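In what follows, chains carry the letters A, B, and so on, assigned in the order in which the sequence lines appear, proteins first and then strands, with residues in each chain numbered from 1. Note that this is a predicted model, so its numbers are computed, not measured. What's counted below: heavy atoms across the whole structure, side chains too, no hydrogens, waters or symmetry copies.
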Amino acid sequence: MKKERLNASQKAAVEAVGNPVLIFAGAGSGKTRVLTHKISHLVKEKIVSPENILAVTFTNKAANEMKERVRKLIKGKTSAISIGTFHSICARLLRNEIQKLGYTRDFVIYDIQDQNALLKTILDGLDIPKTDISPSGAGQNISLFKNRMIPIKKAKSQARTVLDKRLAEIYEAYEKALKKNNAVDFDDLLLLPLKLFEKHPEVLKKYREHWKYILVDEYQDTNRPQFLFIKKLAEKHKQICVVGDDDQSIYGWRGADIRNILDFEKAFPGCETYTLEKNYRSTGEILKAATTVVKNNLKRAEKELQAHNGEGEKLGLIETNDEGEEADAVVNALEKEIKINKRPFSNFAVLYRTNAQSRALEDSFRRNGIPYNIIGGVRFYERKEIKDIMAYLKLIVNRKDTVSLRRVINFPPRGIGSKTLDKCVAYAAKKKRDLFDVLNDPEGMEIRGKQADALKEFHAIVTKYAELLEKLSAGELVRALAEDTGVVRHYKESEMPEDRDRFENIMEFLSGVDEFMARNPDAIIQEFLEEVSLLTDIDQWNDEDNRVTLMTVHAAKGLEFPVVFLAGLEDGLFPLYQALEAVDQLEEERRLFYVGLTRAKDKVYLLYAKNRRRYGGESFYGMVSRFIHEIPEDSLEKINFSSAVTRKLVTKKGKVRMELKRTVTIFDDFRVGDTVEHAIFGIGKIMALSGSGENQRVGVVFKDGLKKKLIVRFANLKKVASPES
DNA sequence: TTCGGGGAGATTTTT
DNA sequence: TCTCCCCGAA
């Protein structure tokens, strides 16, 4: 952003100090700018000293960017300011205080995979067949309990069905196991500080004094525990400033509660509200399209973005047959843009709903020699080989961690199979000892021979490195460990081609550790583990390379690009049913579309494929095409995509069939809100539209007739009236 | 008892 | 496309 002066409303928001402050900042209205200027204002005017400021962001990347920009504004020391994500701030707090809750400082953080592994053993232990409840399903339910702050007791008492009772049981066992493993999950990172505040008022007091001024970015995406965290801290001094945009709340599935921003005034009476409505990012056409879409939402604060960058071009709409053609169409449009507007590759982003959608795009980009960066997908730190080494590290730091223990006790294969492990678990339970400790006592478990030796050897190597923890630097330790355990050898000597990649990933991981150590010379391994646990791919993304960026719309939040492709916009039938059931879901999807649109500065291309293949392409949930029709027609320009040759389709039986291109008008004249007449069901109102080409569907609520909500074909509908626009 | 091949099933978004 | 699980071989 240019180094201009702040505009009037920005300036007012920056200088408002004393009362709680709520800033509604629309897309591209200089939200980060206001926050960073506010911090600088606080420091320069000596309103609070840097160490008393807490600034919370949503991603590590946003935190780093904020740090950087604050550092440029204030020349002096900025390192004293606490800037970080909720999760990292809370993790740091717990590192210092968690003993009070009966954990040790060496606690480890479990990610989804660890969580599922733990749940799997729990489900096995409770004799619940996985056909009844899957580990991940149980995990999602538990996370929901935790995010809604439902304690185990309540979960049990309010359980009505057999399934609910089972889930409450699993919830209880899971919480017990976590604590026994001296481990916390992502939800705990937010919940445990609240528990601390409640049970140890002196801790709350300490942090209230420490963080006297609190700033929160992306406030619309806070969930209940996050809200309570800042509320508790800010309650006394009431020095708090939150910035957000209810139109960009897209994390409802993770417990984000849009009421946090809409009802901020209730939580902090006497607050001052500011609204930033000048958009410095997108052209008028893009803004108009985005605004008309999101305006259909019922739950939203009224505001109107004004464009500052001229009208710009219409939005391009491209229909293709399948995902391959869609990818080619992206390349096509991209090359045209490069030729006409002399744009570098880094000017483009392709956004989609689910990571799986990147595959076809990747193929086409590679074929056409277009450099690209993919954000997301299988995250580096979630790869098997990396998780294996991480598991060794976690186990060494915290020997109570049974999830990591199970993961590596027989990796690389050393002859300890499930039977041997079962014996160990049973023995540990009988003797009330930690699982790790009994490994050194195979005789007591009547394990002999090869297995006994292997157990002892495994115990010895972990113990050895646990003792070296203090003596070696993190870099040295990881390197030695990777060699010593045989993990490196396992991949190096393997014949399998994919193990080559794995070996190289381990090498990359090792240099990653070195890099971390260079940045934080005094760091201990626990700090490295913590950083890695909270890292995401978007954090590592840098825009210096001249490459096209591919990522999900969620990952794109907070970013901007001159040209944005929104790919895979066709819809499945399922979300349509869901849309009829849940208005909230519909509104969130709409906001997702809005976020996608407003990432673009100059030009948006909307793409959808009529016959996307189910697997390896389309997500089950589809995306947001039902909102294309909400964009004013004169803002859209249909672009005909024609691949050079007609596509050859090879069917399963090996027949070659030529696919002909057809143009089909989408959605005809129907709009959401239209009153329609159905030949059988009578008069109704359109709630949602879906699909494309010949598969178009419409969801209608009928006033009379047998059924209330139905999904019907366009062919059977007649339009009666449109709402006044 | 462990290991490895091969078949079957499963897929949102993220800290 | 990737992961998990079952089953036969060592």
[X]: what forms a salt bridge (charged side-chain N to carboxylate O under 4.0 Å, His left out) with it, not counting sequence neighbours?
| X | value |
| --- | --- |
| A:Glu68 | A:Arg71 |
| A:Arg148 | none |
| A:Lys387 | A:Asp111, A:Asp114 |

Going by heavy atoms closer than 4.0 Å, what residues in residues 244-252 of chain A are next to DNA chain B?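 Hits under 4.0 Å, by residue number: A:Tyr251.
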Name the closest nucleotide to the [X] side chain, picking from [options].
| X | options | answer |
| --- | --- | --- |
| A:His554 | B:dC3, B:dT13, B:dT2 | B:dT13 |
| A:Thr420 | B:dT1, B:dC3, B:dT13 | B:dT1 |
| A:Lys423 | B:dT14, B:dT1, B:dC3 | B:dT1 |

Roughly how many Å is it from [atom1] in [X] to [atom2] in [N], rounded to a whole number?
| X | N | atom1 | atom2 | answer |
| --- | --- | --- | --- | --- |
| A:Leu351 | B:dT13 | CG | C1' | 13 Å |
| A:Lys419 | B:dC3 | NZ | P | 14 Å |
| A:Leu144 | B:dT12 | CG | C1' | 15 Å |
| A:Ile409 | B:dT2 | CD1 | P | 11 Å |
| A:Glu362 | C:dC2 | CD | C1' | 15 Å |
| A:Gln140 | B:dT12 | CD | C1' | 10 Å |
| A:Gln113 | B:dT14 | CD | P | 15 Å |
| A:Leu123 | C:dC4 | CG | C1' | 15 Å |

Taking only residues two or more places apart in sequence or in another chain, which ones pass side chain to side chain contact (heavy atoms under 4.5 Å, CB included) with [X]?
| X | value |
| --- | --- |
| A:Glu385 | A:Arg383, A:Tyr491, A:Arg502, A:Asn505, A:Ile506 |
| A:Lys231 | A:Phe227, A:Glu235, A:Ala267, A:Phe268 |
| A:Ile133 | A:Ile128, A:Ala138, A:Leu163, A:Arg166, A:Leu167, A:Ile170 |

Can you check whether A:Ser418 has a side-chain N or O nearer than 4.0 Å to OP1 or OP2 of B:dT1?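 Looking at the OP1 and OP2 atoms of B:dT1, neither is under 4.0 Å from any side-chain N or O of A:Ser418.
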Output yes when at least one side-chain N/O atom of A:Asn410 is less than 4.0 Å from OP1 or OP2 of B:dT1, else no. no
Going by the angle between their ring planes, with limits at 30° and 60°, are A:Trp211 and A:Phe229 parallel, tilted or perpendicular?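 Geometry flag for A:Phe229 against A:Trp211: perpendicular rings.
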Would you call the rings of A:Phe197 and A:Tyr207 parallel, tilted or perpendicular, taking 30° and 60° as the class edges? tilted
Write out all pairs satisfying salt bridge (charged side-chain N to carboxylate O under 4.0 Å, His left out) with one or both partners inside residues 85-95 of chain A, taking only residues at least two apart or from two chains. A:Arg95-A:Glu530
What N/O pairs connect the protein and nucleotides 5-9 of chain C at under 3.5 Å? Give each pair on its own line.
none

